[in-house]
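Throughout, residue positions are numbered sequentially from 1 according to the sequence presented.
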Amino acid sequence: MATNLAVSKSKNPVMFVLDQVQKNRRKIIRPLVAIAVLLVIWQILCNSPESSLPGPIKVVQETWTLIIDPFFDNGGIDKGLFWQLAASLQRVAIGFTMAAVLGISLGILIGTNTLMYDALDPLFQVFRTIPPLAWLPIALAVFQQFNPFESMGLKTNEVAALFVILATAIWPIIINTTVGVQQIPQDYRNVARVLRLPNQKYFWKILLPSSVPYIFTGLRIGIGLSWLAIVAAEMLVGGVGIGFFIWDAYNSSRLSSVILAVLYVGIVGLLLDRLVGFIASKVVPEEQK
């Protein structure tokens, strides 16, 4: 009888959801209470007619069209928030992928070569402290003279935004990958020497599995920095994107739209972080978690 009940629950999606809510009620209820308290405090502080910041009720009232219709497209930059976020995410996907490929490759190279590490590590430690937007004027100047992606239809400002993402996300990936390679247990290295493992087998059987947790730590930090960088860069380079939407809304005195967009930015950033974390949970060996 109990088995039949369990089977019926597993087949009923509503019962399954209710069962999961019941199991994780503390993790669900506590954040909801915290959010409710925050909204109440926000509403109280901004309830005065003289308040320059709109309260949550006013934000919803003034942005209701944006909330219920995120897919409108009137041409140019007059697009719904879905398309603004999609444009930003596309840039992040390209820039972060380049940063991941280049960062992991350089991290492995530096981690396995003492000479390269001694020569380049001080430079990386300096470059990683440079704010993302400091790279933007340099990128605009360089790509205005030579745009390698012009044949693909990417304008100078688009390429500059991609470079800002690359230059922001690559450092934690390089550093964490380097540390991961350097932390390979000496016993593993000794066994590889005794067995005379070819370089290819050593890479796939020892080096990569041992450094994967560190690599994903760098990737997780990098994706967050990428999202921060593109929102800031879009405020300056313009075009369709959530960063320019926020800046344009601010210049048009539409603070409610700014607040709504900022909320969406935070939610997307959280989802990106959880996505990389989920992939890591599937890739990282159980004994290394």
#### Entry: Check: Ser252 side chain, Ala249 main-chain N or O, donor-acceptor pair, under 3.5 Å
no
### Approximate separation, where rounding is to 0.5 Å, of Ile165 CD1 and Leu228 CG
11.0 Å
### Message
Tell me which one of Ile173, Val179, Val283, Thr177 satisfies side-chain contact (heavy atoms from CB on, under 4.5 Å) with Ile215.
### Response
Thr177
### Message
So Ser226 and Ile230, do their side chains get closer than 4.5 Å, heavy atoms only?
### Response
no
Give every donor-acceptor pair under 3.5 Å between a side-chain atom in residues 98-105 and any protein atom, sequence neighbours left out.
from	atom 1	to	atom 2	distance (Å)
Ser105	OG	Val101	O	2.7

### Task
Show the numbers, then the answer: is there a side-chain contact (heavy atoms from CB on, under 4.5 Å) between Leu219 and Ile223?
CA-CA 6 Å; Leu219 292 175; Ile223 192 66; over 6 Å; no
### Task
Take Ile110 and Phe124 through the side-chain contact (heavy atoms from CB on, under 4.5 Å) test and state the conclusion after the steps.
CA-CA 11 Å; Ile110 296 167; Phe124 292 160; 2.9 Å; yes
### Task
Considering non-hydrogen atoms only, spot the tightest contact between Ala261 and Ile246 and give its length.
CB-CG1, 3.6 Å
### Query
For atom CG of Asn251, is the number of surrounding heavy atoms from other residues, nucleotides or ligands below 6.0 Å larger than 12?
yes
### Query
Okay, side chain of Gln84, backbone of Gly241: is any donor-acceptor separation there less than 3.5 Å?
yes
### Message
On a heavy-atom basis, which atom in Trp42 and which in Gly55 lie closest, and how many Å separate them?
### Response
NE1-CA, 3.8 Å
### Query
Just wondering, are more than 12 heavy atoms of other shown residues or ligands nearer than 6.0 Å to CD in Gln186?
yes
### Query
Which distance, rounded to the nearest 0.5 Å, do you find between the OG of Ser88 and the CZ of Phe245?
11.0 Å
### Query
If you round to the nearest 0.5 Å, how far is CG of Leu81 from CG of Leu66?
5.0 Å
### Query
Has Tyr117 got more than 12 heavy atoms of other residues, nucleotides or ligands less than 6.0 Å from its OH?
no
### Query
Is it the case that more than 12 heavy atoms not belonging to Ile279 sit under 6.0 Å from its CD1 atom?
yes
### Task
Please report the shortest heavy-atom distance between Gln144 and Thr156, naming the atom on each side.
N-CG2, 3.7 Å
### Query
Between atom CD1 of Ile206 and atom OH of Tyr188, what is the distance when rounded to the nearest 0.5 Å?
8.5 Å
### Query
When hydrophobic residues are tied together by side-chain contacts of less than 4.5 Å, even through go-betweens, does Ile108 share a cluster with Leu115?
no
### Task
Please check if the side chain of Ser51 supplies one atom and the backbone of Asn47 the other of a donor-acceptor pair under 3.5 Å.
no
### Task
Verify the neighbour count for atom CH2 of Trp171: are there more than 12 heavy atoms of other residues, nucleotides or ligands below 6.0 Å?
yes
### Verdict with reasoning, Arg254 to Glu62, per salt bridge (charged side-chain N to carboxylate O under 4.0 Å, His left out)
CA-CA 9 Å; Arg254 294 183 283 117; Glu62 293 182 348; over 6 Å; no
### Message
Quick check against the 3.5 Å criterion: does Gln61 have a side-chain atom that pairs as donor or acceptor with the backbone of Pro56?
### Response
no
### Query
Would Gln43 and Lys58 satisfy side-chain contact (heavy atoms from CB on, under 4.5 Å), going step by step from the backbone distance to the final call?
CA-CA 9 Å; Gln43 182 63 41; Lys58 188 176 181 180; over 6 Å; no
### Query
Mind checking whether Trp135 and Phe127 have parallel, tilted or perpendicular rings, split at 30° and 60°?
perpendicular
### Query
Between Asn157 (side chain) and Val237 (backbone), is there a donor-acceptor pair under 3.5 Å?
yes
### Query
Looking only at heavy atoms, which two atoms of Phe72 and Asn74 are closest? And how far apart?
CD1-ND2, 3.7 Å
### Task
Measure across Pro54 and Cys46 and return the closest heavy-atom pair with its distance rounded to 0.1 Å.
C-CB, 4.1 Å
### Message
Membership question, hydrophobic clusters at under 4.5 Å side-chain separation (ILVMFWY): are Tyr264 and Val262 in the same one?
### Response
yes
### Task
May I ask you to check whether Phe244 and Trp247 place their ring centers less than 6.0 Å from one another?
no
### Query
Are Leu207 and Val212 connected in the hydrophobic side-chain network, where two residues link if heavy atoms are under 4.5 Å apart?
yes
### Query
Counting heavy atoms not belonging to Tyr250, are there more than 12 under 6.0 Å from its OH?
no
### Message
Membership question, hydrophobic clusters at under 4.5 Å side-chain separation (ILVMFWY): are Ile267 and Leu39 in the same one?
### Response
no
#### Entry: Side chain Thr129, main chain Val126, donor-acceptor under 3.5 Å
yes
#### Entry: Spacing of CG belonging to Leu197 relative to CH2 belonging to Trp204, to within rounding of 0.5 Å
15.0 Å
### Task
Can you tell me which residue pairs pass the side chain to side chain donor-acceptor pair (under 3.5 Å) test with a partner in residues 212-222, sequence neighbours excluded?
Arg220-Asp273
### Task
Kindly determine whether Leu89 and Trp227 satisfy side-chain contact (heavy atoms from CB on, under 4.5 Å), including the steps that lead there.
CA-CA 8 Å; Leu89 284 170; Trp227 187 236; 3.8 Å; yes
### Query
Is it the case that more than 12 heavy atoms not belonging to Gln90 sit under 6.0 Å from its CD atom?
no
### Summary
All heavy atoms of Tyr202 vs all of Ala192, minimum pair found to be CD1-CB, 3.6 Å
### Query
Is Leu45 reachable from Val40 through a run of I, L, V, M, F, W or Y residues, each pair having side-chain heavy atoms under 4.5 Å apart?
no
### Message
Return the CE to CG distance between Met235 and Leu133, rounded to the nearest 0.5 Å.
### Response
9.0 Å
